[in-house]
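The next block holds one structure in the form of structure tokens; read it before the comments.
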Amino acid sequence: MSTTTIVTAPGGFAAQLRERSGETWDRAIGHRFVEELFAGSVDDAVLAHYLEQDYRFFDAALSLCASCVVNADRVEPKLRFSAQLGFFAADEDGYFERALAALGSSAARAGEVPLTATSAAMIEGMRDTAHANSYIRSLIVMAVAEWLYLDWGERELADPSRPEHLGWIDLHRGADFRAWVQCIVDEIDRVGADLDEAERAEAVGLWDRFVRLELEFFDAAYSA
Ligand SMILES: Cc1ncc(CO)c(N)n1
């Protein structure tokens, strides 16, 4: 099932992380939600619930990306993360507005629905990470979210026709998104090479926790 087109340094930190989460990662990218999204058969209520929860998490994801601008040790990645904040503001926010409206919901409603336990754990983990002032920790959490999403977005399945379905897939594949994920992964390899044992263990624990949360986030879409 592993579909990644991302290149990792052999024996580097990113390759080690990716390898340790093989089974959970594969269950996430092969999830029923992904299959039904591509097939265009995902129930409107399931997709609306998923997007409402995801929109709630968008806020924390923006803070996390901003924390990479704050804590990166070089100007090039700071610029890259800054550019990505602009993309989130333009393309991703626009998708949420349109798709939620088409599904009979809205950004305002998304702000009012109760958070699932998984969303709450994810948001809290992202906020804590954003405030930890640790570039590697922020990179790890960004990498799980974006790399795992690229890996399902690049699955070789026929495209659905409804814009609510296709739009969510298109946000998570293509040359620009792949280059963005590659940049995060390259940074993990670069920064990961200099970590001490405690920092490395902390990063690995965070990686494992977020991979599991991604799988649970898909599951939660069906248990509303
Ligand atoms: C739950 C979740 N994980 C990752 C992404 C990718 O940004 C997303 N939009 N939502």
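Order of listing sets the numbers, starting from 1, for every ligand and every atom in it. Values reported hereafter were calculated over all heavy atoms of this structure, with side chains retained and with hydrogens, waters and symmetry mates removed. All residue numbers in this chain count up from 1 along the given sequence.
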**Asked** Is it the side chain (CB and beyond), the backbone, both or neither of F58 that lies under 4.0 Å from ligand 1, heavy atoms counted?
**Response** neither

**Sidechain N-carboxylate O distance under 4.0 Å for R200, D194** = no

**Request:** Would you mind running through ligand 1 and noting each atom that sits below 4.0 Å from a heavy atom of F217?
**Result:** 1 (C)

**Prompt:** Which atoms from ligand 1 have a heavy atom of W168 less than 4.0 Å away?
**Reply:** 9 (N)

**Request:** For R20, enumerate each residue passing the side chain to side chain donor-acceptor pair (under 3.5 Å) test, keeping only those at least two apart in sequence or located in another chain.
**Result:** D208

**Asked** For the atom pair SG (C65) and CH2 (W180), what is the distance rounded to the nearest 0.5 Å?
**Response** 4.0 Å

**Item:** From R155 atom CZ to I29 atom CD1, the distance as rounded to the nearest 0.5 Å
**Value:** 6.5 Å

**Nitrogen or oxygen atoms of E146 and ligand 1 under 3.5 Å apart** = yes

**Request:** Please determine if E214 has a nitrogen or oxygen closer than 3.5 Å to a nitrogen or oxygen of ligand 1.
**Result:** yes

**Complete:** Looking at L51, D54, V181, T118, the heavy atom closest to atom 9 (N) of ligand 1 belongs to D54

**Asked** Residues in side-chain contact (heavy atoms from CB on, under 4.5 Å) with C183, at least two apart?
**Response** R80

